[in-house]
There are 2 protein chains.
Amino acid sequence: MKEQIPQQSISEQQVGIGELARLSGCKPETVRYYERIGLLPSAPRNQGNQRRYTPAAIRRLTFIRHARDFGFSVDAIRELLVMVDHPSMPCQQVDALARHHLAEVESRIARLTALRDELTQTIDQCAGGSVKQCHIIEVLSEPLH
Amino acid sequence: MKEQIPQQSISEQQVGIGELARLSGCKPETVRYYERIGLLPSAPRNQGNQRRYTPAAIRRLTFIRHARDFGFSVDAIRELLVMVDHPSMPCQQVDALARHHLAEVESRIARLTALRDELTQTIDQCAGGSVKQCHIIEVLSEPLH
DNA sequence: GCTTGAACCTCTAGTCGCTACAGGTATTAC
DNA sequence: GTAATACCTGTAGCGACTAGAGGTTCAAGC
């Protein structure tokens, strides 16, 4: 539609959303989603209205993906990003957030481990008859104590 | 609006949705939700259009809640309920479902444990300076390998 | 019988973190 | 020039609930 301007004046390092997604280990839909919820700033567009990303954006998204892989919620990541953007502030807050998250992970592990033990025990007691005699069903059918 | 019929002809054991929820450890909204998605049969209504539950319904919901507490998905519970409704069938299928679920729980535990270890290590390395030097931020900022 | 407040009703929308689709436009390679 | 691919927006869906609005019914006290 518009005539092409031969070269981006700023930098050749800019990439499209697909490449950004590939580099940071997620999908283009996810990138647009992050932009929509304000986790990523609105990306500048080229003449054809397509998003172009700088190395800084790539780093930011990689950070987000790492944090998500660590199990941080989007809200926690928002807080982390504020700190990333203010590198001279003390890191106590980062530490507190990480510790809080660790405590949650540990509690999830504890609950799942208890569940696993109960489940293992329940399965081990199944003698292999009909559903009528099934220990698993029996356990699940117990009224609340 | 209508005149009251002094007593339910069938049974005095029927309860309202609030009492059912209390007895089985969930909320009335959840009960209605379970009915809507077909996990619970449509409850019979009294003259005022309110749901009345028999002990059988209480047992069924208790079973569902137990299974949810065990981490079974609604779909898995649907399968379990079919088996509960056919008590003379062999319990192999129940066993298989439980074992499959156990494997999933174990994999979740493994992933969370790995995460916990990484997180612990990362936190331990935080020297307590500014965000600029924070090891946690640093780890999260690493590019994909 | 009347009134009050709790419990109930339906319907709709929100949660979280994406994912998938429909229907269109831009870019790129040949 | 054309075809394949990548991109765009907007909307709806997932799972398993949860919350709210706005109305009705029930149970208990007076």
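Residue numbers begin at 1 in each chain, while the letters A, B, ... track the order of the sequences. Excluded from the calculations below are hydrogen atoms, water molecules and symmetry mates; all remaining heavy atoms, backbone and side chain alike, are included.
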Both B/Glu19 and A/Arg68 contact DNA chain C. Which one's nearest nucleotide lies toward the 5' end? B/Glu19
If you check every side-chain atom of B/Glu29, which of C/dC8, D/dA19, C/dA20 has the closest atom? D/dA19
Within the structure shown, what part of the strands sits under 4.0 Å from A/Phe72 by heavy-atom distance: base, sugar-phosphate, or nothing? nothing
Using only atom types and a distance under 3.5 Å, with no angle test, would you say the side chain of A/His101 pairs donor to acceptor with the backbone of A/Phe70? yes
How many angstroms lie between atom CD of B/Glu29 and atom CZ of B/Arg36, to the nearest 0.5 angstrom? 10.5 Å
Whole angstrom is fine here: how far is it from CD in A/Glu35 over to P in C/dG17? 18 Å
Contact nearer the 5' end of DNA chain C, comparing A/Gln50 with A/Lys27: A/Lys27
With a 4.0 Å cutoff (strictly under), does any side-chain N or O of B/Arg51 reach OP1 or OP2 of D/dT25? no
Starting at atom CD of A/Gln14, determine the distance to atom P of D/dA6, rounded to an integer number of angstrom. 20 Å
Is any side-chain nitrogen or oxygen of A/Arg65 closer than 4.0 Å to OP1 or OP2 of C/dC18? yes
Can you tell me if B/Arg45 touches the phosphate of C/dT10, counting only side-chain N or O atoms and a distance under 4.0 Å to OP1 or OP2? yes
Counting side-chain heavy atoms from CB outward, which of D/dA16, C/dC8, D/dC7 is closest to B/Val74? D/dA16
Residue-phosphate contact under 4.0 Å: B/Thr30 side-chain N/O, D/dT18 OP1/OP2: yes
Only one of A/His86, A/Arg78, A/Glu79 passes side-chain contact (heavy atoms from CB on, under 4.5 Å) with A/Val82, and that residue is A/His86
A/Leu20 atom CG is separated from D/dC7 atom C1', nearest whole Å, by 13 Å
Protein-nucleotide distance (A/Ile37, atom CD1; C/dT15, atom P), rounded to Å: 12 Å
Could you give the CZ-to-P distance, from A/Arg22 to D/dT5, as a whole number of Å? 17 Å
Pair B/Arg22, B/Glu19 - check salt bridge (Lys or Arg N to Asp or Glu O under 4.0 Å), show working. CA-CA 5 Å; B/Arg22 204 189 54 73; B/Glu19 180 69 0; 3.0 Å; yes
Integer-rounded Å distance: D/dA6 P and A/Arg52 CZ: 13 Å
Phosphate-side-chain proximity, B/Tyr34 and D/dC17, N/O vs OP1/OP2 below 4.0 Å: yes
Atom pair distance, as rounded to whole Å: CZ in A/Arg36 and C1' in C/dA20: 12 Å
So, B/Tyr53 and B/Arg60: side-chain donor and acceptor under 3.5 Å apart, yes or no? no
Please report the distance, rounded to the nearest Å, between CG in A/Asp69 and P in C/dG17. 13 Å
Examine C/dT27: is either OP1 or OP2 under 4.0 Å from a nitrogen or oxygen in the side chain of A/Asn46? Give yes or no. yes
Once you apply a heavy-atom cut-off of 4.0 Å, does B/Arg32 come out as touching a base, just sugar-phosphate, or nothing? base
